[in-house]
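Side-chain atoms are counted along with the backbone in the values below, which use heavy atoms only and exclude waters and symmetry mates.
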Amino acid sequence: VGITKDDLNRLHTPVAYILGGPEDIAYPNGSDDIARIAHVPVFYANSPVGHGGTFQLANGGDYGRIASAWLDWQLKGDKRAGAMFTGAECGLCTDRNWTIVRKQFPEKP
């Protein structure tokens with residue numbers, strides 16, 4: 001499948017990127033995507049743990065916890081899970097292990 005940066009314009013639902021810092025092979029491309037997406041809500045969480053993230057830990061570690069909460073919020077409408085991503089004091093916003101960027105994002109879940 002050939003995908004280009006122009007395909008980002010075809011996104012039509014909220015998007016989350018969970019990256020592993022500058023050592024993550026996906027970091028440059030994911031960071032560039034975040035800069036380009038300007039028409040749908042996008043959430044960017046970055047922690048310097050490398051490309052494998054924390055998936056090797058029980059239940060996927062922080063990466064598994066974040067991905068599960070994102071899906072619970074987006075697919076099930078779980079407001080408690082959405083609180084990890086929304087508002088000034090969002091769950092990940094106050095966690096010093098993560099750098100967060102939000103664009104076109106709701107204030108409340």
Side-chain angles (χ1 to χ4, degrees):
V1 174
I3 297 175
T4 69
K5 294 291 182 175
D6 289 336
D7 289 311
L8 293 172
N9 295 323
R10 297 174 60 194
L11 294 172
H12 55 85
T13 59
V15 179
Y17 283 73
I18 307 169
L19 299 175
E23 299 300 316
D24 181 349
I25 193 170
Y27 179 81
N29 191 45
S31 297
D32 181 62
D33 286 0
I34 297 306
R36 292 172 184 259
I37 298 171
H39 65 287
V40 295
V42 62
F43 185 85
Y44 166 99
N46 181 49
S47 183
V49 295
H51 186 64
T54 61
F55 288 122
Q56 75 281 9
L57 300 174
N59 299 314
D62 279 349
Y63 274 46
R65 179 177 59 89
I66 294 166
S68 293
W70 179 264
L71 293 173
D72 283 346
W73 179 41
Q74 294 298 312
L75 300 177
K76 297 178 182 176
D78 184 332
K79 291 182 187 230
R80 191 175 76 197
M84 180 179 283
F85 309 100
T86 60
E89 298 295 318
C90 80
L92 281 177
C93 298
T94 59
D95 187 332
R96 293 178 187 245
N97 294 317
W98 292 91
T99 300
I100 304 302
V101 175
R102 299 179 291 182
K103 296 171 61 177
Q104 296 82 240
F105 221 73
E107 284 298 313
K108 296 181 180 182

Within one Ile-Leu-Val-Met-Phe-Trp-Tyr cluster: I18 and L11, side-chain cutoff 4.5 Å: no
Nearest atoms (heavy-atom pairs only) where Q104 meets V42: NE2-CG1, 4.4 Å
Greater than 12 external heavy atoms within 6.0 Å of L75's CG: yes
Any donor-acceptor N/O pair, S47 side chain to V49 backbone, under 3.5 Å: no
Under 4.5 Å side-chain linkage, directly or through intermediates, the cluster mates of V1: I3
Single-linkage hydrophobic cluster Y63~L71, side-chain heavy atoms < 4.5 angstrom: yes
Under the ring-ring contact (aromatic ring centres under 6.0 Å, His included) test, residues paired with Y44 that sit two or more places apart: none
Qualifying salt bridge (Lys or Arg N to Asp or Glu O under 4.0 Å) pairs with a residue from residues 29-53, counting only residues at least two apart or across chains: K5-D32, K5-D33, D32-R36
Where A69 and M84 come nearest, the two heavy atoms and their spacing: CB-SD, 3.8 Å
side-chain hydrogen bond (donor to acceptor under 3.5 Å, both in side chains) involving N97 - partner list, sequence neighbours excluded: D95
Set of residues satisfying salt bridge (charged side-chain N to carboxylate O under 4.0 Å, His left out) with respect to K76, sequence neighbours excluded: D72
Smallest separation among heavy atoms of G87 and C93, with atom names: O-SG, 4.1 Å
Separation between CD1 of I100 and CG of L92, rounded to the nearest 0.5 Å: 4.5 Å
Residue pairs fulfilling ring-ring contact (aromatic ring centres under 6.0 Å, His included) with at least one residue in residues 9-42, sequence neighbours excluded: none
Gap separating the CG atom of N46 from the CD1 atom of I34, nearest 0.5 angstrom: 10.0 Å
ring-ring contact (aromatic ring centres under 6.0 Å, His included) against W73, all qualifying residues, sequence neighbours excluded: W70, F85, F105
Salt bridge (charged side-chain N to carboxylate O under 4.0 Å, His left out) against R80, all qualifying residues, sequence neighbours excluded: none
R10: salt bridge (charged side-chain N to carboxylate O under 4.0 Å, His left out) partners, not counting sequence neighbours: D7
Where Q74 and P14 come nearest, the two heavy atoms and their spacing: OE1-CG, 3.3 Å
Non-neighbouring partners of D24 that pass salt bridge (charged side-chain N to carboxylate O under 4.0 Å, His left out), sequence neighbours left out: none
Within-4.5 Å side-chain heavy-atom neighbours: T86 and F43: no
Where at least one partner belongs to residues 40-65, residue pairs that pass salt bridge (Lys or Arg N to Asp or Glu O under 4.0 Å), sequence neighbours excluded: D62-R65
All pairs passing salt bridge (Lys or Arg N to Asp or Glu O under 4.0 Å) where residues 97-109 contributes a residue, at least two apart: none
